[in-house]
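Residue numbers start at 1 and run along the sequence shown.
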Amino acid sequence: MEDLTITPDSTNENTESTKGSNPVTWSIRGVERDTRAVIEKAAERVGKTIGQYVNEDIRSLVQGQLTQSQLPAAPVDIQNQIDHLTKMVEGIANRMPEEGKKSFWQRLFS
């Protein structure tokens with residue numbers, strides 16, 4: 001693993017940092033060489049520096065993931081959860097003594 005050092009292109013007018021408009025050098029520890037190579041290739045393919053690619057493309061992708069609302073569960077997933085819970089309740093009921101299996105009203109009027 002190696003550091004992924006990103007130096008945004010200082011000529012990029014869209015580059016902004018939290019402390020001003022000057023780009024900063026940023027080192028990401030633990031980024032594998034293969035990951036850096038893929039990012040370099042993707043940036044090169046769209047004609048951008050690594051800094052531009054991270055600032056624009058990767059940032060946009062991640063922001064989309066963060067703002068994306070969680071999709072509702074599919075009906076089949078809900079049915080699977082109901083089936084699982086039903087089996088759990090049946091398992092608990094089967095372990096109860098016969099007296100405990102009677103309904104509230106049956107126990108009340110017995």
Side-chain angles (χ1 to χ4, degrees):
M1 291 203 266
E2 67 177 46
D3 286 354
L4 174 63
T5 302
I6 300 169
T7 306
D9 185 358
S10 60
T11 61
N12 183 358
E13 294 176 8
N14 295 329
T15 302
E16 294 180 16
S17 71
T18 57
K19 294 186 180 181
S21 61
N22 294 330
V24 295
T25 299
W26 180 37
S27 179
I28 306 171
R29 296 180 193 272
V31 175
E32 297 174 355
R33 290 176 192 242
D34 292 345
T35 302
R36 181 180 173 107
V38 168
I39 292 171
E40 286 176 342
K41 190 174 192 175
E44 184 179 310
R45 182 172 285 173
V46 294
K48 296 179 180 181
T49 65
I50 293 177
Q52 290 170 325
Y53 188 76
V54 169
N55 282 332
E56 298 166 12
D57 298 58
I58 294 178
R59 180 180 179 181
S60 176
L61 171 72
V62 173
Q63 281 180 324
Q65 290 176 346
L66 292 174
T67 58
Q68 191 177 53
S69 64
Q70 186 176 0
L71 298 174
V76 69
D77 294 332
I78 294 171
Q79 186 60 51
N80 288 340
Q81 290 176 346
I82 291 171
D83 293 343
H84 177 70
L85 292 172
T86 301
K87 288 178 184 175
M88 286 176 57
V89 170
E90 288 172 348
I92 293 168
N94 289 336
R95 290 190 301 251
M96 291 176 67
E98 275 305 311
E99 189 67 29
K101 290 185 181 180
K102 292 181 181 178
S103 73
F104 171 77
W105 297 109
Q106 289 172 331
R107 283 182 278 148
L108 185 65
F109 294 111
S110 298

Asker: At what distance, to the nearest 0.5 angstrom, does CD1 of Ile28 lie from CD1 of Ile39?
Answerer: 7.0 Å

Asker: Near Glu44 CD, under 6.0 Å, is it more than 12 heavy atoms from other residues, nucleotides or ligands?
Answerer: no

Asker: Could you tell me if Gln81 and Asp77 have a donor-acceptor pair between their side chains, going purely by distance under 3.5 Å?
Answerer: no

Asker: To the nearest 0.5 angstrom, please state how far the CG atom of Leu66 sits from the CZ atom of Arg59.
Answerer: 11.0 Å

Asker: Under a 4.5 Å side-chain heavy-atom rule over Ile, Leu, Val, Met, Phe, Trp and Tyr, are Val31 and Val62 clustered together?
Answerer: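 Yes, Val31 and Val62 fall within the same hydrophobic cluster.
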
Asker: Closest approach of Thr49 and Gln52, non-hydrogen atoms and distance?
Answerer: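 Looks like N-OE1, 2.8 Å.
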
Asker: Please lay out, stage by stage, how Arg36 and Ile50 fare under the test side chain to side chain contact (heavy atoms under 4.5 Å, CB included).
Answerer: CA-CA 9 Å; Arg36 181 180 173 107; Ile50 293 177; 3.8 Å; yes

Asker: Do Tyr53 and Leu61 belong to the same hydrophobic cluster, where Ile, Leu, Val, Met, Phe, Trp and Tyr are linked whenever their side-chain heavy atoms lie under 4.5 Å apart, directly or via other members?
Answerer: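 Not linked; separate clusters.
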
